[in-house]
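First comes the structure, then the notes that go with it.
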Amino acid sequence: MNDLTPFDASDRHPSTDRLAPLLADLGDIPVVTDPTIVRRRSRDFFWYSPVLNDQLSDKSADVIVAPRDEADIVRIAAACVSRRVPLTVRAGGTGNYGQAVPLAGGVLLDVTALDTIEWIRPGQIRVGAGAKMNAIDAATRPSGYELRMHPSTKRTATIGGFVAGGSGGIGSITYGGLREPGNILAARIVTMEAEPRIIELRDDAAQKINRAYGTTGIITALEMPLAPAQPWIDVVVAFDDFLAAVEFGRAAALSDGIVKKLLAPITWPLPSYFGALKSCCPEGKSILIAMIAERSLEDFRDLLGDRGTITLETPTDERPGRVPLYEYTWNHTTLQVLKSDRTVTYLQCLYPHDRLLQKVEEMRTMFPDEVLQHLEFIRFNGQLTCSGLPVVRYSDAERLNEIIRLHEAHEVHIANPHVYTVEDGSRYKRVDVDQLGFKHEVDPHGLLNPGKMRSFVAER
């Protein structure tokens, strides 16, 4: 190894005397050094948060390196360790908390070329980390399967990015989040050591790389479970009152015979921002957005009765130029509002399953106009509850922190989307593995996405 001073995560960027030899070490591996392109690719959707926008808007890598296969990644990792150059993995760049934003410059590792599907078997798939999630579903549907869950960014997100930076999404109403046993079957990673190792993590061990923002190894391939594919129907139901939408959503969620993938109550006036969907959102009405299996539609209508009015019922359409209904839910709800009002932000909440309706009403009463309710029904640790992604009328950071404090004081837990570290942004994730200890094993010098795991102290 070269006789270099240890990498310091507080360094703004590695010096030129480290980067130039690194690029020589990489040989014919494709690189991009154009500062405009590098800066653009170093961003994600952190600007949803005015707090993160202040902290991250000037952060950028120094160079993009685009491995063609796993062998290239091993070579890149070894070179970065030798030269003590930090490395941040990036794929679709659809995260919201700066997960893939390099804090200390260095290499931005674009893994989107690792998109090969190795095999599809009944109920499972093995695929490269750079594969887009919509491409995975397109490949598995002829066999009668689809991914169990996906984010609202499915059409641009990669499976590796979802596992490394996400937690759940469309489908979590049935299968829970990625942290639930069986939702990640295996992960193959490359370590960040002088002689990089290739490690296969199976079952619970695969959780060591889940929602770790790429700090605990470079994911090259994943084995994921599949669900039976369904002809999904996008449904919008209008209600006179938001709590009526929540109560019906809960009833539909508890109806196990109704096959569903999405149940999202959204309060007025948020639907007024929904662009092409506005014609299905009557003035002053709260709505429930749902994805229901075609064979369950009649049962869904019967359960609804006269409690609400169906304003849209159409097959899910993910073709280019179309907007599937799930792109108005999860974090896309906030995006739809931000398109015309950049003064708002959002929160991520977890409601107690045994007092769900009570706590939703409490928060609605406490913040009637300042925190606009948007819920997503999910299963969490085996219980039905809601993840809340309310739109917040932002005034300043002090008031935002006060809103967070008041939620938690009333037992509505917050996963803070206004911080960029793993520990501080994951207040309700279930951790059964030692991610910090594993990072010491696979990245002893702290070169993987430095600054994102606050508890880590690199070897000296």
Side-chain angles (χ1 to χ4, degrees), residues 40-48 52 56 59 61 64-67 70 73 76 87-103 107-117 125-139 147-172 177-179 183-190 201 206-224 326-327 330-332 335 348 415 417 420-422 425-426 429 435 448-449 452-453:
R40 185 174 68 245
R41 296 294 304 279
S42 295
R43 298 173 62 85
D44 64 10
F45 288 82
F46 62 77
W47 54 266
Y48 276 33
L52 290 181
L56 301 178
K59 301 296 187 290
I64 298 170
V65 183
E70 187 178 76
I73 290 180
I76 296 163
L87 181 152
T88 300
V89 181
R90 201 252 197 206
T94 59
N96 290 6
Y97 335 117
Q99 295 103 308
V101 176
L103 300 180
V107 168
L108 192 70
L109 190 74
D110 180 350
V111 298
T112 52
L114 278 73
D115 61 354
T116 301
I117 294 175
I125 185 172
R126 186 174 177 96
V127 63
K132 287 187 176 181
M133 299 184 75
N134 63 337
I136 294 174
D137 268 1
L147 289 165
R148 283 185 176 180
M149 68 189 76
H150 61 80
S152 59
T153 53
K154 173 187 176 183
R155 296 199 289 178
T156 53
T158 64
I159 189 65
F162 182 47
V163 167
S167 59
I170 294 90
S172 290
L178 289 169
R179 284 281 167 182
N183 279 340
I184 304 173
L185 302 179
R188 184 177 171 95
I189 69 166
V190 173
L201 303 169
Q207 292 294 336
K208 293 176 180 179
I209 50 84
N210 177 216
R211 214 168 198 269
Y213 303 175
T215 62
T216 56
I218 303 168
I219 304 170
T220 60
L222 289 156
E223 285 182 29
M224 301 296 289
Y326 62 72
E327 289 188 2
W330 287 86
N331 277 321
H332 263 78
L335 179 60
Q348 295 180 148
Y420 56 71
T421 57
V422 173
S426 303
K429 78 173 184 178
Q435 289 182 324
L448 284 174
N449 209 356
K452 299 297 177 59
M453 187 174 282

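Everything quoted here is computed from the prediction, not taken from an experiment. Residue numbers count from 1 along this sequence. Excluded from the calculations below are hydrogen atoms, water molecules and symmetry mates; all remaining heavy atoms, backbone and side chain alike, are included.
- With V65 as the fixed residue, the side-chain contact (heavy atoms from CB on, under 4.5 Å) test singles out one of V111, V107, L87, I73: V107.
- Comment: R188 does not engage E223 in a salt bridge, judged by the lack of any side-chain N to carboxylate O separation of less than 4.0 angstrom.
- Taking each heavy atom of I117 and A139 in turn, the nearest pair found is CD1-CB, 3.4 Å.
- Using cut-offs of 30° and 60° for the angle between ring planes, the W47 and F45 rings count as tilted.
- The shortest non-hydrogen separation linking L103 to Y420 is CD1-CE1, 3.5 Å.
- Residues satisfying the ring-ring contact (aromatic ring centres under 6.0 Å, His included) test with Y326, not counting sequence neighbours, are H150.
- Using a 4.5 Å heavy-atom threshold, the side chains of L201 and I189 count as touching.
- In this structure, T88 OG1 and N449 CG are separated by 4.0 Å, a value rounded to the nearest 0.5 Å.
- One finds the CD1 atom of I184 at 5.0 Å from the CD1 atom of I209 (value rounded to the nearest 0.5 Å).
- Side-chain contact annotation: E327 with S152, donor-acceptor N/O pair under 3.5 Å absent.
- Remark: the backbone N or O of Q207 is paired with a side-chain donor or acceptor of Q435 at under 3.5 angstrom.
- A donor-acceptor pair under 3.5 Å is formed between the side chain of D44 and the backbone N or O of G98.
- Looking only at distances, a side-chain donor or acceptor of N210 sits under 3.5 Å from a matching main-chain atom of V163.
- The line from CG of L448 to CG of L109 is 9.5 Å long, rounded to the nearest 0.5 Å.
- Panel note: side chain D110, backbone I64; no donor-acceptor pair is recorded below 3.5 Å.
- In this structure, N96 CG and W330 CH2 are separated by 12.0 Å, a value rounded to the nearest 0.5 Å.
- Residue pairs meeting the salt bridge (Lys or Arg N to Asp or Glu O under 4.0 Å) criterion with at least one partner in residues 129-139, sequence neighbours excluded, are D137-K154.
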Apply side-chain contact (heavy atoms from CB on, under 4.5 Å) to V89 and I219, showing your working.
CA-CA 9 Å; V89 181; I219 304 170; over 6 Å; no

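- Between L147 and M224 the shortest heavy-atom distance is CD2-CB, 4.5 Å.
- Nearest heavy-atom pair, T158 versus A91, reported as atom, atom and distance to 0.1 Å: OG1-CB, 3.2 Å.
- Counting only distance, with no hydrogens or angles, the side chain of T94 and the backbone of T153 share no donor-acceptor pair below 3.5 Å.
- Taking all atoms of both residues into account, the shortest heavy-atom contact from I76 to P67 is CD1-CB, 3.8 Å.
- We find the CD1-CD distance between I218 and E70 to be 10.0 Å, quoted to the nearest 0.5 Å.
- The main-chain N or O of A61 is found under 3.5 Å from a side-chain atom of S42 such that the two form a donor-acceptor pair.
- For the pair Y213 and Y97, the minimum side-chain heavy-atom distance is below 4.5 Å.
- With hydrogens and angles ignored, the 3.5 Å screen pairs a side-chain donor or acceptor of R90 with a backbone N or O of R41.
- Summarising the geometry of A157 relative to P151, their closest heavy-atom pair is CB-CG, 4.0 Å, with the distance given to 0.1 Å.
- Side chains of L56 and R43 form no contact here, defined as non-hydrogen atoms less than 4.5 Å apart.
- Remark: the backbone N or O of Q99 is paired with a side-chain donor or acceptor of K452 at under 3.5 angstrom.
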